[in-house]
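The structure appears below as structure tokens.
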Amino acid sequence: ERSSQAPPDISNIATEDGTRQGKTSGGSLVTLTGDGFQSGAQVFFGTALRGYTSALAVTVESMNSVVAVAPPMAEGRVFIKIENSDSQFDFYPSNVDPETVGELPSTAFEYVTASPSVNAILPQSGPISGGTTIFIVGEDFQQGAQVHFQNSDTSVWVSAGQVSINSSNNISCTTPSNVAGQSRVRVTNPNGDTHLCSVSDSECEDVTFEFVEPQFEPPVIEEIEPRQ
């Protein structure tokens, strides 16, 4: 039986940052605007070639606005499909055949692999001899990521020891030996994407590591025996 209601119509999509892009790990908020959206509508991301995956969450704000949480998916541009409870549906971009296997236009939603970002390093200092266990807190760390410290004198990058990718937000490692001073820290994912913070950038104060000289108290002679 044919529905008496008009089918949904997606006229545009938008992400919070305005790029129409989202991480391959999923979680991006995508707002669909248009007309004819019904309560209980479902949203899917994908293509005819890779198949379609349901959004992680869908909120029908009105008949003209739906917010969907993008699911995880491999890199590339995809269609967004909305399907009402009466089984009527629409695709975005609407000017492209949903069965196409070619490249989609730039108006489509695109999954991208995010570069790693570092928010903090704890602790922020340790001895020049190295061996300090530190935790790097940030986002989009991948298994197999490498950590390097820059030598303050020679600008040579030195590998950290015992690197462990505890999660996509946390890395632990041990510092190498280095000369005294502030050292830049670099995290590089296996695909080559890297985070690099400059010592001269004031916003990076929390994401550099300071190698310090050991402080020794001078010896003090309080008494000698025998005195002759």
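Here Asp90 contributes atom CG and Ile80 contributes atom CD1; the two are 11.0 Å apart, rounded to the nearest 0.5 Å.
Formation of a donor-acceptor pair under 3.5 Å by the Thr188 side chain with backbone atoms of Gly192 is not found in this model. Listed for the Thr59 side chain is no donor-acceptor partner under 3.5 Å among the backbone atoms of Glu61.
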Task: Evaluation steps, side-chain contact (heavy atoms from CB on, under 4.5 Å), between Ser172 and Ser164 - done: CA-CA 5 Å; Ser172 60; Ser164 176; 3.5 Å; yes
TODO: Take Glu75 and Thr113, measure what side-chain hydrogen bond (donor to acceptor under 3.5 Å, both in side chains) needs, and give me the verdict at the end.
DONE: CA-CA 7 Å; Glu75 285 185 336; Thr113 300; 2.6 Å; yes
Task: Step-by-step side-chain hydrogen bond (donor to acceptor under 3.5 Å, both in side chains) determination, Gln182 to Thr208 - done: CA-CA 7 Å; Gln182 290 283 350; Thr208 56; 3.0 Å; yes
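At a cut-off of 3.5 Å, with distance as the only test, no side-chain donor of Asn189 or Asn191 sits close to an acceptor on the other residue. Side chains of Gln38 and Asp86: a donor on one and an acceptor on the other come within 3.5 Å.
Other residues, nucleotides and ligands place more than 12 heavy atoms under 6.0 Å from the CZ atom of Phe91.
Here the closest heavy-atom approach between residue Ser25 and residue Pro72 is recorded as O-CG, 3.5 Å. In plain terms, the two heavy atoms of Val187 and Pro116 that are nearest each other are O-CG, 3.7 Å. The two residues Arg184 and Trp157 come nearest to each other via the heavy atoms O-CZ3, 3.5 Å.
Aromatic ring centres of Phe79 and Tyr92 lie farther apart than the 6.0 Å criterion allows.
Counting only heavy atoms from C-beta outward, the side chains of Pro93 and Phe109 never approach each other to under 4.5 Å. Residues Leu104 and Val96 form a side-chain contact, since some pair of their non-hydrogen atoms from C-beta on lies under 4.5 Å apart.
For the side chain to side chain contact (heavy atoms under 4.5 Å, CB included) criterion with Thr133, the lone passing option out of Thr174, Thr175, Leu122 is Thr174.
Applying the side chain to side chain donor-acceptor pair (under 3.5 Å) test to every pair with at least one member in residues 27-36, sequence neighbours left out, gives these pairs: Asp35-Asn64.
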Can you list, pair by pair, the side-chain donor-acceptor contacts under 3.5 Å of residues 134-148, counting residues two or more places apart and other chains?
residue	atom	partner	partner atom	Å
Glu139	OE1	Lys23	NZ	3.4
Asp140	OD2	Lys23	NZ	3.1
Gln143	NE2	Ile165	O	3.1
His148	NE2	Ser159	OG	3.3

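Of the charged side-chain nitrogens involved, none lies within less than 4.0 Å of a carboxylate oxygen, so that Arg20 and Glu110 do not count as a salt-bridged pair.
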